[in-house]
Amino acid sequence: MCDAHLSLCGECDLLQRSPPLPPGGSSRCLRCGHRLHRHRPASLDRTLAFALTGLILFIVANSFPFLSFEMQGQRTETTLFSGVADLTEQGKGEVAAVVFFTAILAPGLQLLLLLIVLAPLKLGGGLPPAYPTLFRWFKTMVPWGMMDVFLIGILVSVVKLADMATIIPGTSLFAFVILIFVLAAAQSSLDPDIVWERVPLPQRLRRLPRADEPVLGCDVCELVLPATEAVRDPAPGSRWMAQRRARAETRRANERLRCPRCGDILHRRKPMSIQRTWALVLAALAFYVPANVYPVMTVTSLGQTQSDTIFSGVVFLLEHGMLPLAAILFIASIFVPLLKLLILIFLLLSVQFHSRWRPRDRTRLYRITEAIGRWSMVDVYVVTILVALVHLGNLASIQAEAGAVFFCAVVILTMFAAMAFDPRLIWDAAGLPGQDLGQDLGQDLDPIRDCAPTRAQAQQSAALPDQLPAVLRQAQDPSWRSTAKALVDAN
């Protein structure tokens, strides 16, 4: 990103001007601290090289044995996919589908989509069909790729089996470990702005909004545009209703707005955010108890059978002196899901009671829920690896149990709950509705200040109240608080 342009913060909805950035520089929202943009030097070349390397490693990691289990002269080998197949055979198809998607499909699609999108940019040819849609799919896949979490599951599994048999690493394991770092490097070096800037836009979409003109921001490509310029897409069933309703207002109400650049659906706020988040949180709470009470797996060794819960797995690691792994397993599988549910409940209640307490800190809490939720998949991956490795009949075998299904449901439901919650409602409830205030802006957009570059954040923090847009200070007026209350109540 080399030119200044408007940015609409996705976490507090503040409209501001994003300044030109030096190489390696980044900018954050003045109000909530959310990172808006980051300039990554040589992004195209580096990301393309990492993506190509990662795709080769991905093929190797899925083509050769991953781990081998040797006990009393008998040996079994497993690949990444064999754990998925074994879970399916044991009647745990739901868990198998989640493991396949998060550990195999999502990382592979990320690498493939990156190559499809970036290669034409490097070669200088025409853009491929559905170019914006492909990159939008890539961004959708990013939070669901959990190869790094899978690696922790491997370490825990090896420790659990160390006393039972000999574990031999295979070729795929080394490729898998390298792939984790390569994929992380590809994501870190990617500058999305260089991709979206190649998508042609008509000049009318590049103009500054006029006074009293509502503005929409795309969550995917971060395009800020007047609401009147959004693409109207008839919602499902609207054509059928249009044949029976003559009024144009009814047809217009049934239309969805789409981003003209990436095609994503545009919303001022996530539809029914509070209701959907509550539903997902309550469902996760209902599954959390059986997930920790029921065994996640049953181990048979030399004719003796033992059932393990999540907590007993932590105790096992402690008894064998593996304190770091025990701490990781306890935090990821017991503490993190509960913490995430408590934070979401706190945020929901604070919004519904129109709390004005520290909206910036509550927004930080929301970021925590997004960042930590995926790490709870460790126990699910441990069960998958052990089931794939240990199947020697009465000599040694491991069976996945109901607890693994419930725990997998808790992890997925909490991730969906964090995605359903709209952090902009925190600021609406506090009487700071953000870009709604922008409707009072003049054409010159003088009240819109430059967002703060990261390197200058410390120096600017003391003067932050003076740097906020002038219209933002109008939020103290009761009329603005009533507008924000209406937005919250609507959700």
Side-chain angles (χ1 to χ4, degrees), residues 83-84 87 90 92 94-103 143-162 180 280-299 306-345 368-390 398-418:
V84 175
L87 283 174
Q90 294 184 5
K92 302 299 186 290
E94 310 90 345
V95 181
V98 172
V99 172
F100 174 72
F101 180 73
T102 57
W144 295 103
M146 304 183 190
M147 298 179 67
D148 46 355
V149 185
F150 195 90
L151 180 61
I152 303 297
I154 295 171
L155 296 176
V156 175
S157 302
V158 170
V159 172
K160 281 180 171 289
L161 296 176
I180 293 173
L280 292 165
V281 166
L282 293 176
L285 279 173
F287 287 135
Y288 183 78
V289 175
N292 287 275
V293 173
Y294 290 142
V296 293
M297 61 183 173
T298 298
V299 181
Q306 176 183 346
S307 296
D308 284 331
T309 62
I310 294 176
F311 187 76
S312 67
V314 176
V315 173
F316 176 87
L317 292 174
L318 284 174
E319 291 176 346
H320 286 73
M322 299 295 177
L323 181 59
L325 282 180
I328 291 174
L329 192 62
F330 174 79
I331 292 172
S333 300
I334 298 177
F335 179 72
V336 165
L338 185 59
L339 176 65
K340 190 171 182 178
L341 288 170
L342 292 176
I343 290 177
L344 286 172
I345 291 173
I368 291 175
T369 64
E370 280 198 313
I372 65 177
R374 59 200 298 272
W375 290 96
S376 299
M377 281 291 291
V378 169
D379 249 311
V380 178
Y381 290 146
V382 169
V383 173
T384 303
I385 296 168
L386 294 180
V387 165
L389 275 175
V390 188
I398 293 181
Q399 178 83 21
E401 299 293 347
V405 180
F406 285 114
F407 185 75
C408 185
V410 170
V411 177
I412 299 304
L413 286 172
T414 53
M415 290 186 67
F416 277 127

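We count residues from 1, following the sequence as given.
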Criterion side chain to side chain contact (heavy atoms under 4.5 Å, CB included) on Met415 and Lys340, from CA distance to verdict: CA-CA 9 Å; Met415 290 186 67; Lys340 190 171 182 178; 3.9 Å; yes

Atom CZ of Phe101: over 12 foreign heavy atoms under 6.0 Å: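 Result for CZ/Phe101: enclosed.
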
Tyr288, OH: over 12 other non-hydrogen atoms inside 6.0 angstrom: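 Correct, the count exceeds 12.
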
Phe330 and Trp375 aromatic centres sub-6.0 Å: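 No: the rings miss the under 6.0 Å criterion.
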
Nearest atoms (heavy-atom pairs only) where Gly83 meets Ala388: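 The answer is CA-CB, 3.4 Å.
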
Least distance between heavy atoms, Gly145 atom then Arg374 atom: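 Taking Gly145 first and Arg374 second, the nearest heavy atoms are O-NH2, 2.5 Å.
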
Please tabulate, one pair per line, all N/O donor-acceptor pairs under 3.5 Å involving side-chain atoms of residues 402-414, not counting sequence neighbours.
unit_1: Thr414; atom_1: OG1; unit_2: Val410; atom_2: O; d: 2.9
unit_1: Thr414; atom_1: OG1; unit_2: Val411; atom_2: O; d: 2.8

To the nearest 0.5 angstrom, please state how far the [atom1] atom of [X] sits from the [atom2] atom of [Y].
X      : Y      : atom1 : atom2 : value
Ile310 : Ile334 : CD1   : CD1   : 6.5 Å
Ile152 : Asp379 : CD1   : CG    : 12.5 Å
Ile154 : Thr384 : CD1   : OG1   : 11.0 Å
Ile343 : Ile368 : CD1   : CD1   : 5.5 Å

Quick one: are [X] and [Y] in side-chain contact, heavy atoms under 4.5 Å?
X      : Y      : answer
Ile372 : Leu339 : yes
Lys92  : Val387 : no
Ser376 : Pro337 : yes

Distance-only side-chain donor-acceptor flag, Thr298 / Glu401, under 3.5 Å: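 Short answer, yes.
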
Donor-acceptor side-chain pairing of Thr102 and Tyr381 below 3.5 angstrom: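 Per modelled atom types, Thr102 and Tyr381 side chains form a pair under 3.5 Å.
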
Step-by-step side chain to side chain contact (heavy atoms under 4.5 Å, CB included) determination, Gln90 to Gln399: CA-CA 7 Å; Gln90 294 184 5; Gln399 178 83 21; 3.5 Å; yes

Test side chain to side chain contact (heavy atoms under 4.5 Å, CB included) applied to Phe150 and Ile385, step by step: CA-CA 9 Å; Phe150 195 90; Ile385 296 168; 3.9 Å; yes

Evaluation steps, side chain to side chain contact (heavy atoms under 4.5 Å, CB included), between Thr309 and Val296: CA-CA 5 Å; Thr309 62; Val296 293; 5.9 Å; no

